[in-house]
Every structure is written in C-alpha cells, then in structure tokens.
Asker: 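My questions all concern the structure below.
In each ligand, atom 1 is the first atom listed, and ligand 1 is the first ligand listed.
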Amino acid sequence: MRVFGRSLPMLVLLLATAATATAANPASGKGGWKAGLAKVVITPERPMWMAGYASRTSPSEGTLHDLWAKALVLQDDQGSRSLLISLDLCGIDREFSIGVREEIAHRHGLPLDRIVLACSHTHTSPVVGSNLITMYPMDDEQRHRVASYTEILARTLVELAGEAMRNLIDVHLSHGQGKAGFAVNRRENDQNRADELRAELALKGPVDHDVPVLCLKTSDGTVKGVVFGYACHCTTLALNHFSGDYAGFAMIELEKAYPDAVALFVAGCGADQNPLPRRTVELAEKYGHELADAVKRTVKGHLRPVLGCLRSGYEEVDLAFAPIPDRAHWEAEAASDQFAVANRAKSFLERLDRGESLPETYPYPVQVWRLGGLTWIFLGGEVVVDYSLRIKRNLGPDTFVSSYCNDVMAYIPSLRVLQEGGYEGATAMIYYGQPGPWAEDVEDRIIAGLNRVLRASAGQE
Ligand SMILES: [Zn+2]
C-alpha cells in the first residue's frame, strides 16, 4: 500500500500554512466556524481482491487513479467539534468502523455522534474487513492481504483525524444544492437502453438528482474545502484497476478548480440507482464532470451561510430480520452450487455448531448533525432512494441525506422495495452474510429512530 509504505509523515496535508488566514467570521456567530482538512492516499500497493462485484475472478491489476481518505473537522464558535472522513471504498463493516471511531473518540475527545466514516461505494476499491465477505472467492493469500490492509487503514484513519484537528483555520461555512441527471433507477429501467429511454422521455422510477454542497471559504473567498454528495451507485466501472469511479473523477476536477481545497464526496441514498449508460472510463469521467460542474455552479451562485452552532445525535436502531429459517434450510443451502449461497450457509452452520444462535436484529446506525439551520442525516447501509425523498419531502431543502455511513451491513429497502423483492429487497442479503431479508417494519423502525435522533439533536429531549 503506497501510503503506508511511505509512512504517515507523507500525509498530504493542506491548510497547514493557512492558519493565519482570517479573524472571526461575523456572518456565522460570535467567533464563526473553524475547519481543518487533511487527506491521504489509500491505494493498495499490492494486487488485492476488489470489492462490490461477485463476478470478479482475479485480484486488481493496476490503478486508474488513486484512492483517498479525506478528513474534515468542523468546529463551531462554542468549540464543539465534529469529524467527517470520506473514503474511496465500497464499504466498511461494523467492527472496523467501531474500532476506528472509538480510537478517534478516545484520542480526540469526540463522542461517537460527532464522527462519521462515509464510503463512496466505488466498486473499483479493495475489500476491507468482512464487508460483503461471502461474495468473494479469495484464497488464503488474498485473505491475508485484506486483513493486513484493513489493519493499516484503521491506523491511518486515526492519524488522519489527528492531522485534520491540527489544521483548524477560520472559515465561512455555506451550503446549497445543485442538480445532476445521470442517476437512473436501475430497478425500473432496462439498463442497456438508458440512452434510448432518456431520448423517448421514458425513464421510470424514483430518483434523487440533488447535489448537496457544503463549502468552506476563507475571508478572502478562497475555497478551502467542498463536501458534495450524489445518490447513485459508484458503478460506472467494472475494471480490475483501482479508482474512485465518477466520484473520484469529480473530486479530481474540483481540486483542480479549487487548488487550495480538499474535495470530499459523500454518497447519498443511491442503492437502487446506477449511472447509465456505463462501463467505460470516458463515461466515468463524463459523470464526474457533470457532478463537479453542478458543485461549481452551486459554489458560484447559490450558497447560503451556515449560521448557528453544531449539534448532533446518534442511535443504533434495532432492525429486525424476517423470521430466520431453521438449520435444515442452511444445510440445504450449504450444498448449493452458487458460491455465495453455500458460503453464507456454511458460515451460519459453523456458528450453530459452536452453540451460537443467528442474530434476530442488527444495530443500525442513524446519525444527525445540525450545522445551524442545515440538517445533515447520515444513514448506514445501502439505502434506497425512497428514504432521501421521504426525508426531504418532510424536512425541506436545508437537508442533506447521506448513506453508506459508519457501517455498510446490507441494503436498506423501503417497505415498497422490500415487498417488491429482487436484489435490493431480498437477495443482496446473501452477499452481506445476513440471515435476512429485513422484517416488514424496516422503514418504520428507521424513520422512528431518525425522529428520535432529530428531536434529541434539536435539544427537544
Ligand atoms: Zn451497492
């Protein structure tokens, strides 16, 4: 792994020289906001198994562009801090995430509700920890590489957080929403006919084309950081070369446009959305450009200041699985000729042999930051678009909804998608090694948990 090979002092640290840039920001309270940014390459140095597709039969063969971890610390005028780390990774598991967040919390005195690890869900990134582990036909050497990469990545992220904390400078904080149109509802449309359907005005199904933007500028107007999102799978590419897919290209373009800035991508509720058409590097670059362009237009013309202070909330909601089959079911599945089906069943049988039972619920993370009047919701798992549309329909435009945050344990269907079934509603649970599908109250439980966190973060509980 390149970054780890050349050790932590090689972290690419921005803003370190800009610490004297401004005095207080009168537009955002008594002392205004401070922000600290840092970034580090996390591209593996050795060939590794790549995450996200079951169809791969061999490890990575090179790098299209580097993968990054990027950290943003925000501090309000009361000295309250929060930390966002964006990751060019397909997903992370609960054990990895809790370990990293607890270590950061311990070292820097931040509570867990102030720390977010956000995955872009790029499918041209390495496998991390046990995320989607039943999907991959890895040999022992590849398993060892995943374990080794995961361990070093955890240490790197803790160090990265510390660097961002040390880089705090005064900033003007503002937000807005742009639009980009390349996400297509993949459940409702023939993915091979996306261009034709578009030309015929015949694309179907719900989409969320918002591009939320959080912008950090110094008092002279220099853009120092930009956080942006989009609700669409990072699956333009299926190469065996590492890349951040369209989100990676967008960040590259934005960091060229704003040479003093760090650009961080945070995925939205795009679990049932694909960038279509897809599968060429040119298309990944094109979508990256469309997204970067939406961000630049928003930064140029439609930003509102973030006034007020930082508040937060976090809860792990018990999400119930549908009734779990008995041992005979898993014994039958263990004989399946489908690799992932048999793999999941065998791991469950091993647990049952050890006298353990299979879990009936999962601790699902729901997190909220309030930055003045901006409400930013961070959901775990691969969340379908129904959630962001429902949330924004109710909370209005000063709301960002991010997904793939803190723990990517499964797809998170709405009741509609659960009842329809298919990949996002049911069968993806096999690859995530969950005894699912979720029970029919999945959406109710998440919305109820989110309501509790929203009330708590508003100081109403
Ligand atoms: Zn996915």
Asker: Decide, counting backbone as well as side-chain atoms, whether His233 has an N, O or S atom less than 2.8 Å from the Zn ion (ligand 1).
Answerer: yes

Asker: When you draw lines from the Zn ion (ligand 1) to OE1 of Glu382 and to OH of Tyr411, what angle lies between them, to the nearest 10°?
Answerer: 80°

Asker: Got a sec, which residues hit salt bridge (Lys or Arg N to Asp or Glu O under 4.0 Å) with Glu282, two or more places apart in sequence or on another chain?
Answerer: none

Asker: Decide, counting backbone as well as side-chain atoms, whether His123 has an N, O or S atom less than 2.8 Å from the Zn ion (ligand 1).
Answerer: no

Asker: Given 3.5 Å as the limit, does a donor-acceptor pair link the side chain of Tyr230 with the main chain of Phe182, or not?
Answerer: yes

Asker: Will you find, in the side chains of Asp66 and Thr43, an N or O donor that is under 3.5 Å from an N or O acceptor?
Answerer: yes

Asker: Does any pair with a residue in residues 115-124 pass side chain to side chain donor-acceptor pair (under 3.5 Å), and if so which ones, sequence neighbours excluded?
Answerer: His121-His233, His121-Glu382, Thr122-Thr124, Thr124-Ser243

